[in-house]
**Q** 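The structure that follows is given in the form of structure tokens.
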Amino acid sequence: MKQVFFAIVLPAVLASAMVMAAEGASIPITGTEAPTSLQTIAGTPTMLTVVLKDSGARDPNLKLLELRQDRLILMNQKGDIVPYMMDSIESLEVQGGLVEKRHTQALDSQVLKAEHQRVVQRAWARAREIYGESDDNQGLKIQAATMLALSNDEDAHNYLRNLAESNDIETQLGAAGALYLVGDTVSEALLGQGLDSGNRNARVKAASLAGLCGYQNGVILLRSMFQDRAVQLSTPAARALARLGVRDILPGLMKMIFELHADKGKAAIFGMTRLGDAALVEDLKFRLLEAEGVVRFRLVEVLFNLNDPVGVEELKDIFKNYPTLSPEVALLLARHGDYEATQYLRNRLSRREDPTEENLSYRARNAQALLQGGDPTAMAVFQELLRVNNENVTELVFELMTELGQASLITLLQPSIENVDKEYAMNACKAVIALAMPEFRERLLSYREEFGV
């Protein structure tokens with residue numbers, strides 16, 4: 001049997017490796033200490049800059065982990081896996097050291113192509129139209145004001161500041177969230193007042209903002225919320241304390257991850273991923289020995305998030321042996337360049353399915369995972385889904401595009417900006433501006449993690 005296996009499989013593996021080596025060898029390597037081949041630097045501390053074809057965009061401070069058949073698997077400074085398709089790479093530059101990245105609040109006109117800049121300018125103009133037409137819809141007016149404040153519109157900025165100083169605590173905190181998105185400092189007095197409020201909704205909003213704004217003076221009140229049996233209070237408190245680096249909540253998070261409530265499970269995964277260290281990884285592996293079902297999946301997801309090899313192998317095992325979980329696991333694996341998961345998602349995209357909201361939503365997440373894994377062909381799926389007459393699906397597409405952070409997506413959003421539905425158009429404007437302004441995008445993603453909006 002082994003002879004048959006080697007006779008059939010080994011030639012295919014060798015052929016695949018030869019293709020990989022040939023494609024990898026075709027990528028020019030530059031720099032004062034450029035090696036002769038990529039294989040010699042895979043798995044080493046060598047710092048690289050990826051230069052992309054067509055756009056000339058540069059992604060510095062990466063380390064090459066491995067070569068795959070059609071892509072390179074790299075790791076950035078944060079420890080995130082960054083796959084690049086080989087045919088999208090113009091060249092690789094060997095760095096002499098760490099390249100300092102320039103951060104700016106304003107839109108960097110040097111980064112965006114002219115056609116992208118035109119869409120961004122139109123997004124701000126559309127936001128200004130919506131701002132002027134939304135006096136009867138405070139929530140929408142706040143969203144529009146936030147976009148305009150990012151473009152230094154003082155009238156819109158003052159509108160948010162005035163709301164943050166109003167007499168209603170929930171309105172104040174809502175406006176404070178908008179000011180956080182703009183990059184303003186949020187009043188610590190307001191956060192303290194919110195955490196100590198008898199209004200439950202205000203406490204929830206204040207807890208989430210406390211974590212986002214680094215409000216360390218709120219830890220005592222947040223601890224009390226974390227111990228509360230009400231999910232509405234304990235989960236935002238857990239996330240806030242994790243953002244504030246309060247490590248002694250880890251035992252509480254471990255209890256939370258074993259509870260059946262989905263929101264508690266998500267909060268526990270977030271907190272453990274944020275606070276994870278070597279000791280937690282070993283504890284998770286030990287508990288994994290007897291865990292089953294959804295709890296096992298949660299433990300594995302944390303290990304995977306912490307880049308532990310056991311998490312990767314366990315996810316692959318779940319993907320192969322638990323068909324009901326395969327769709328969700330494939331999304332995680334494909335983002336990190338797993339070949340089998342990528343093929344699964346491609347096959348799923350090509351399959352004809354009923355256009356239910358559930359199927360369309362998964363289709364959107366599928367496309368995002370493939371794009372994140374380095375497959376640009378999935379971009380057409382976003383175009384298709386933006387024409388679907390389902391508000392939840394189109395809003396999800398805007399959010400997934402924002403998460404991807406690829407400026408090339410900006411032009412796909414131009415028709416959506418012009419939609420007569422102001423809520424729809426506002427969401428499109430927000431996505432465009434987030435793709436153009438990286439610092440705003442980071443704050444927006446963190447805000448959505450907390451508030452789900």
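The shown structure was predicted, so the numbers you read here are calculated from the model rather than taken from an experiment.
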**Q** Any ring pair (Phe, Tyr, Trp, His ring centres under 6.0 Å) pairs touching residues 353-386, not counting sequence neighbours?
**A**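 For residues 353-386: none.
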
**Q** Do side-chain atoms of R441 reach the backbone of A436 as a donor and acceptor pair under 3.5 angstrom?
**A**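 No, because the side chain of R441 does not come within donor-acceptor range (under 3.5 Å) of the backbone of A436.
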
**Q** Quick check: does any side chain N or O of Q372 sit under 3.5 Å from a backbone N or O of R335, one acting as donor and the other as acceptor?
**A**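 Answer holds: no.
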
**Q** Under 3.5 Å, side chain of R239 to main-chain N/O of S208, donor-acceptor pair present?
**A**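 It does not hold such a pair.
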
**Q** Applying side chain to side chain donor-acceptor pair (under 3.5 Å) as the test, list every pair that has at least one member in residues 248-257; sequence neighbours left out.
**A**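 Sorted result for residues 248-257: R223-D248.
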
**Q** Closer than 3.5 angstrom, by distance alone: can the side chain of R443 be matched with the main-chain N or O of Y180 as a donor-acceptor pair?
**A**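 Side chain of R443 to backbone of Y180, a donor-acceptor pair under 3.5 Å: yes, one is there.
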
**Q** Any donor-acceptor pair under 3.5 Å linking the side chain of W124 with the backbone of M147?
**A**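 Confirmed, W124 side chain pairs with M147 backbone.
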
**Q** What pairs meet the side chain to side chain donor-acceptor pair (under 3.5 Å) rule with one or both residues in residues 402-415, with sequence neighbours excluded?
**A**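 Qualifying pairs, neighbours excluded: Q368-E403.
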
**Q** Could you pull out all residues at least two apart from E328 that satisfy salt bridge (Lys or Arg N to Asp or Glu O under 4.0 Å)?
**A**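 With sequence neighbours excluded, E328 shows a salt bridge (Lys or Arg N to Asp or Glu O under 4.0 Å) to R365, given in chain and number order.
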
**Q** Suppose we screen for salt bridge (Lys or Arg N to Asp or Glu O under 4.0 Å). Which residues come up paired with R122, at least two apart in sequence or across chains?
**A**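 Only E129, E418 meet the salt bridge (Lys or Arg N to Asp or Glu O under 4.0 Å) criterion with R122.
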
**Q** Can you sort out the partners of R243 under salt bridge (Lys or Arg N to Asp or Glu O under 4.0 Å), two or more places apart, ordered by chain and number?
**A**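 By the salt bridge (Lys or Arg N to Asp or Glu O under 4.0 Å) rule, R243 matches E449, E450.
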
**Q** Of all residues at least two apart in sequence or in a different chain, which pass the side chain to side chain contact (heavy atoms under 4.5 Å, CB included) check with T46?
**A**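 Testing T46 for side chain to side chain contact (heavy atoms under 4.5 Å, CB included), a comparison that skips the adjacent residues, returns I41, T44, L48, V94.
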
**Q** What residues, two or more places apart in sequence or in another chain, satisfy side chain to side chain contact (heavy atoms under 4.5 Å, CB included) together with N321?
**A**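 For N321, the residues satisfying side chain to side chain contact (heavy atoms under 4.5 Å, CB included) (neighbours in sequence not counted) are D317.
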
**Q** Output every pair passing side chain to side chain donor-acceptor pair (under 3.5 Å) with a member in residues 281-290, not counting sequence neighbours, ordered by first then second residue.
**A**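 Output for this query lists D283-R287, K285-D308.
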
**Q** Checking A176 now: which residues fulfil side chain to side chain contact (heavy atoms under 4.5 Å, CB included) with it, not counting sequence neighbours?
**A**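 For A176 the side chain to side chain contact (heavy atoms under 4.5 Å, CB included) partners, ignoring immediate neighbours, are V186, L190, L209.
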
**Q** Quick one: which residue pairs count as a ring pair (Phe, Tyr, Trp, His ring centres under 6.0 Å) with a foot in residues 281-303, not counting sequence neighbours?
**A**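 Not a single pair qualifies under ring pair (Phe, Tyr, Trp, His ring centres under 6.0 Å).
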
**Q** Please list, chain by chain and in numerical order, all residues satisfying salt bridge (Lys or Arg N to Asp or Glu O under 4.0 Å) with E313, sequence neighbours excluded.
**A**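 Testing E313 for salt bridge (Lys or Arg N to Asp or Glu O under 4.0 Å), a comparison that skips the adjacent residues, returns none.
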
